Structure formats: structure tokens, C-alpha cells
Amino acid sequence: MTRRFWLMKSEPNCFSFENLMHDNPDHTSCWDGVRNYQARNLLRDELHVGDGVLFYHSNIKEPAIVGIARVVRAGYPDHTALDPRSDHFDPRATDTKPIWYMVDVQGVVPLPFPLTRVMLSQHPVLSKMDVLRRGNRLSVQAVAEQEWLTVSEIAGLNREQGE
DNA sequence: GCCAACGTTGGC
DNA sequence: GCCAACGTTGGC
């Protein structure tokens, strides 16, 4: 299986890259609460251990890619859908038909500076990224290898961090 | 199956 | 705060 690359959006007021790096053992957290079928399908079927993740902060003054992460556990049922006390509870979900899935993500390294939407949109390669498309609300989206490499380069990541 | 109404996302 | 874009719901 070739390695693939993804961008995952999060509202930093809710869960930031800093939260991932500092509030979790081994910088690793489950990515729960996704309640969109298209994103669910990606989480369940397409994200694999070792895939690269661009961590994007949305819904703030300067939305930006702020860090690098990786998938450390492939899709498995999102148990928060079964928990009536959870904000993400879904009464339709059951043990045998969980409906919703999540992955585990591990923070690798913050970017040396936030790669803002403005910077992305001004870049010859990155201006084509899905995340810039007007009206795109998908919280998990594919990133082209060339885009990944370009971000790595801009961020000055070494080989180990980029991998 | 159509589609209007509604709620949410998220940039600006 | 505004509002466009989108996904979901539910009446018919």
C-alpha cells in the first residue's frame, strides 16, 4: 500500500494541534466526532497507518496548516456515537452497526510558522489544494503528493519528519 | 424520488 | 456578524 496524504480540519477552540501535542500521551489521540458520510468513508476505508496528515486550523481569523501528524491506527468504530452523554451521540448507532468511524492520529511536529490560507493561495502548487475551494466543508480530504512535498519543503522538515 | 426547509460550516 | 455553500431531513 503506497503512502497517502491527508488534510484534517479542526477548530482550534475545540481541538488544536497544541492539544494533540501536549494533552495526549505519545501525542496521539483518536479523531472522533466526524458525522459526515463522505468523511466517514475516508476514515473507514482510505486512511492507513503511516499516512501523512496536514493539521489545519479552521474557523479562526487566519485559518492555516499548523502541524504535521500521521495516522497511527486505521479506521475503527467511533464509540462516542454510542454514548448518550457525548455531544456526538447518534441514537441510530449500535455495536454491530456503528455507522461512524474514526482513526488515531499522532502529532509529529508543528510547522515553524502557520501556513495561512493567504500563503497557500499565493503559492503556485498549493493554490490548487482542495481546502481552498470555496464551500468545501469536508473535514478530511486528500492531499496530492506534490502538495505534501511542497509543504514539507516550505516547513523545512527533515526526511524523518516528512516521512 | 423530488425538493423546500433547515442546520451547520467556515471564510470573510 | 454576515452569508454562501453544503448536507440532511421530511413532507408529499
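Not measured: the values here are computed from a predicted model.
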Distance check needed: [N] [atom2] versus [X] [atom1], whole Å only.
{"X": "A:D130", "N": "B:dT9", "atom1": "CG", "atom2": "P", "result": "19 Å"}
{"X": "A:R35", "N": "C:dT8", "atom1": "CZ", "atom2": "P", "result": "13 Å"}
{"X": "A:E11", "N": "B:dT8", "atom1": "CD", "atom2": "C1'", "result": "10 Å"}
{"X": "A:R92", "N": "C:dT9", "atom1": "CZ", "atom2": "C1'", "result": "11 Å"}
{"X": "A:K61", "N": "C:dG1", "atom1": "NZ", "atom2": "P", "result": "15 Å"}
{"X": "A:L120", "N": "B:dG11", "atom1": "CG", "atom2": "P", "result": "11 Å"}
{"X": "A:N36", "N": "C:dT9", "atom1": "CG", "atom2": "P", "result": "11 Å"}
{"X": "A:M8", "N": "B:dT9", "atom1": "CE", "atom2": "C1'", "result": "17 Å"}

task = Would you please test A:F55 and A:S10 for side-chain contact (heavy atoms from CB on, under 4.5 Å) and show each step?
result = CA-CA 8 Å; A:F55 199 114; A:S10 188; 3.9 Å; yes
message = The side chain of A:Y37 is closest to which nucleotide in this list: B:dG10, C:dT8, C:dC6?
response =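 Of B:dG10, C:dT8, C:dC6, C:dT8 is nearest to the side chain of A:Y37.
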ask   = Got a sec: does the CD of A:E145 have more than 12 other heavy atoms crowding it under 6.0 Å?
value =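 Atom CD in A:E145 is not crowded, with 12 or fewer foreign heavy atoms closer than 6.0 Å.
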ask   = Has the side chain of A:R134 got a donor or acceptor atom sitting under 3.5 Å from an opposite partner on the base of C:dA5?
value =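 There is none.
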query = Do side-chain atoms of A:S127 reach the backbone of A:V125 as a donor and acceptor pair under 3.5 angstrom?
reply =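 Judged by distance alone, no pair lies under 3.5 Å.
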Distance check: side-chain N/O of [X] vs OP1/OP2 of [N], anything under 4.0 Å?
{"X": "A:R133", "N": "C:dA5", "answer": "no"}
{"X": "A:R137", "N": "B:dT8", "answer": "no"}
{"X": "A:Y56", "N": "B:dT9", "answer": "no"}

inquiry  = Determine whether the aromatic ring centres of residues A:F89 and A:W100 are separated by less than 6.0 angstrom.
reply    =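 Between A:W100 and A:F89, the centre distance exceeds or equals 6.0 Å.
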ask   = Under 4.0 angstrom, heavy atoms only, what part of the nucleic acid is A:K9 near: base, sugar-phosphate, or nothing?
value =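 Sugar-phosphate contact only.
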message = Under a 3.5 Å threshold, yes or no: a donor from one side chain and an acceptor from the other, between A:Q141 and A:D130?
response =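 There is no such pair between these side chains.
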message = Regarding A:T80 and A:D83, do their side chains bring together a donor and an acceptor under 3.5 Å, going by distance alone?
response =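 Per modelled atom types, A:T80 and A:D83 side chains form no pair under 3.5 Å.
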query = Could you give the angle between the helix axes at the two ends of the helix from B:dG1-C:dC12 to B:dC12-C:dG1, with five pairs per end, rounded to 10 degrees?
reply =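 Roughly 10° between the end axes, to the nearest 10°.
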task = Indicate yes or no: does A:D78 engage A:R40 in a salt bridge with an N to O separation below 4.0 Å.
result =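 Result for this pair is no, no salt bridge flagged.
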